[in-house]
Peer 1: 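What follows is a structure written as structure tokens; I'll ask about it next.
Here is how names work: the chains are called A, B, and so on, in the same order as the sequence lines, proteins then strands, and each is numbered from 1.
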2 protein chains.
Amino acid sequence: MGRSEIMTAAIRHLNTDPAASMAEIAEAAGVSRATLHRHFSGREDLMLALAHQSLDRWAEAQAGAGIAEATASADPELVGRALHTLLTALIEIADEYGFGLADHAMAVHPELRPRAEELEEREVAFLTAAQRAGVLRADLPARWLSSAVLGLAVAARESLRRGDIARRDVPRLLLGTFFDGAAARDPGERTVPDGPGERTGNARKEGR
Amino acid sequence: MGRSEIMTAAIRHLNTDPAASMAEIAEAAGVSRATLHRHFSGREDLMLALAHQSLDRWAEAQAGAGIAEATASADPELVGRALHTLLTALIEIADEYGFGLADHAMAVHPELRPRAEELEEREVAFLTAAQRAGVLRADLPARWLSSAVLGLAVAARESLRRGDIARRDVPRLLLGTFFDGAAARDPGERTVPDGPGERTGNARKEGR
DNA sequence: CACTAGTGAGACATTTATGTATCATGTGCG
DNA sequence: CGCACATGATACATAAATGTCTCACTAGTG
């Protein structure tokens, strides 16, 4: 039982009870409270480690989607593919680390702010590039689009936990809503395919 | 200083620090901790009162938008107007009571569940009617659309608090994103007007 | 004035989570 | 075997929030 396994178990348990105590987390991880404290000096330390892990995942998602290259290029095709890949990866990250989104203390933590802001800036820059490339609407602030994606991811997470939607439908629902909106219109206009979604499926694998 | 004023102050303060203690809330409300306890038997009691108030507001928003009549009718025009009015009102409610959305304990409280579920059912029924009327896409579950709206409202709240967007732009951004999505396309297709939005402005007043 | 209701201030006990220290066990390795 | 190391169990001290109670003060009312 190393740090890594404990963190995995902690994530698992915190997703069912975001306010779980250290004792509960230790029990969920199958270790004693003492051992938990040997790996993490305190609750804040554990939360910080989890937060950093989520930021790692976020950074990986950005890199895996190739947003740096896509941002530099103006190729709509490249940007579009990167965008789909990124969003699909973000869905999973939000689902896994979503419990932290509610934690106000973490959002303001001085050790996390700079990292989170840098990742966000990269994302905003990428979204701005997507607007320039004609992939995304240019009449909405890129920063708002970034928040909107996160909001939809949180909504998807909630829906999943409540059993309202199937896990395999999430990418289609979220991407479909984000790109095309909820208003009815000519079906030929859809940006995201309604079908099984080969691209989405691949993006999921690539995101890892 | 009655219950009402204390609750208002509590909302105000909880929106800056969702984890505020009873002592802090009392101070923010300008009353002593003893007085706070005279009005609310405990933290749970206060939270419950606030939650009920938010559900009241939600119910009023539904009624004010006339979703019952709109659901019954199949008139796209009527449904469309009700939808805009409802969403605009929900934005404000989410902004004001958003601190509670993060509170897991409240979301599961046995006293609130039935009320929240009933309101949600009404909303889902209305959204389903909107799909039948051809106002909303029919290929996305109404329940998902309901969650998506909430997710976007939370995103808007966050953006507001971070100063990323202006308060007066929120309805346009949120409705624009929800209805039309973020993908670039022929500008003539937009469902939500880009202009100052007379309807939105009126809806705000009506929602109160 | 006398009375009452509401309030502020403070003391107190309780609960809960947390952080720390100690000791015994047990396992792997030299 | 003997040793180092990680762990579990346990006890202890601390901190913070909470709920309860008492007492004195004040404003308004009769």
Side-chain angles (χ1 to χ4, degrees), chain A residues 1-54 97-112, chain B residues 1-54 97-112:
Chain A
M1 263 301 178
R3 270 178 78 101
S4 169
E5 291 93 326
I6 292 179
M7 286 170 70
T8 302
I11 289 171
R12 189 184 177 77
H13 191 255
L14 285 171
N15 267 324
T16 73
D17 178 12
S21 69
M22 291 294 275
E24 290 169 320
I25 294 172
E27 186 183 355
V31 299
S32 71
R33 202 163 66 92
T35 298
L36 178 58
H37 268 79
R38 282 184 193 106
H39 287 286
F40 304 94
S41 70
R43 184 189 188 76
E44 180 173 322
D45 191 35
L46 170 60
M47 292 302 192
L48 222 51
L50 294 177
H52 274 297
Q53 196 175 72
S54 76
Y97 296 91
F99 66 90
L101 294 177
D103 194 321
H104 186 69
M106 287 302 100
V108 198
H109 198 289
E111 188 177 322
L112 299 171
Chain B
M1 263 304 177
R3 268 178 79 102
S4 168
E5 291 94 326
I6 292 179
M7 286 170 70
T8 302
I11 290 172
R12 189 186 178 76
H13 191 255
L14 285 170
N15 267 323
T16 74
D17 179 12
S21 69
M22 291 293 276
E24 291 169 319
I25 295 172
E27 186 183 356
V31 299
S32 72
R33 203 163 65 93
T35 299
L36 178 58
H37 268 79
R38 281 184 193 106
H39 287 286
F40 303 94
S41 70
R43 185 188 188 78
E44 180 173 323
D45 191 34
L46 170 60
M47 293 302 193
L48 222 51
L50 294 177
H52 274 297
Q53 197 175 71
S54 77
Y97 295 91
F99 66 90
L101 294 177
D103 194 321
H104 186 70
M106 286 302 101
V108 198
H109 198 290
E111 188 177 322
L112 298 171

Peer 1: Should the side chain of B:Arg43 and the base of D:dG19 be counted as holding a donor-acceptor pair, with the cut-off at 3.5 Å?
Peer 2: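 Under the 3.5 Å cut-off, the side chain and the base do not form any donor-acceptor pair.
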Peer 1: Should the heavy atoms of other residues, nucleotides or ligands under 6.0 Å from CD of B:Glu24 be counted, would the total exceed 12?
Peer 2: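 Buried by this count: over 12 neighbours within 6.0 Å.
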Peer 1: Counting only side-chain heavy atoms from C-beta out, which of D:dG8, D:dT18, C:dG8 sits nearest to B:Ala34?
Peer 2: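 Closest of the options to the side chain of B:Ala34: C:dG8.
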Peer 1: Does B:His37 put a side-chain nitrogen or oxygen below 4.0 Å from OP1 or OP2 of D:dC21?
Peer 2: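 The answer is no; no side-chain N or O of B:His37 sits under 4.0 Å from OP1 or OP2.
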Peer 1: For B:Ser21 and A:Arg33, take the nucleotide of DNA chain D holding the closest heavy atom to each; which residue's nucleotide lies nearer the 5' end?
Peer 2: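 This one resolves to A:Arg33.
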Peer 1: Tell me if the CZ atom of B:Arg3 is crowded by more than 12 foreign heavy atoms within 6.0 Å.
Peer 2: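 Enclosed.
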Peer 1: By nearest heavy atom, map B:Arg38 and A:Arg38 onto DNA chain C; which one lands nearer the 5' end?
Peer 2: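 Closest to the 5' end, via its nearest nucleotide, is B:Arg38.
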Peer 1: Do other residues, nucleotides or ligands put more than 12 heavy atoms under 6.0 Å from A:Gln53 CD?
Peer 2: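 More than 12 heavy atoms, drawn from other residues, nucleotides or ligands, come within 6.0 Å of this atom.
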Peer 1: So, B:His52 and B:Glu111: side-chain donor and acceptor under 3.5 Å apart, yes or no?
Peer 2: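 Side-chain D/A pair, B:His52 to B:Glu111: present.
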Peer 1: So, is A:Ser32 close to the D:dT7 phosphate, meaning a side-chain N or O under 4.0 Å from OP1 or OP2?
Peer 2: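 A:Ser32 to D:dT7 OP1/OP2: no side-chain N or O under 4.0 Å.
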Peer 1: So, OP1 or OP2 of D:dG8: does either fall under 4.0 Å of a side-chain N or O from A:Thr35?
Peer 2: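 It does, given that an N or O in the side chain of A:Thr35 lies less than 4.0 Å from OP1 or OP2 of D:dG8.
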Peer 1: May I ask you to say what B:Gly30 touches in the nucleic acid, namely base, sugar-phosphate or nothing, with a heavy-atom cut-off under 4.0 Å?
Peer 2: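 Sugar-phosphate, backbone atoms only, no base.
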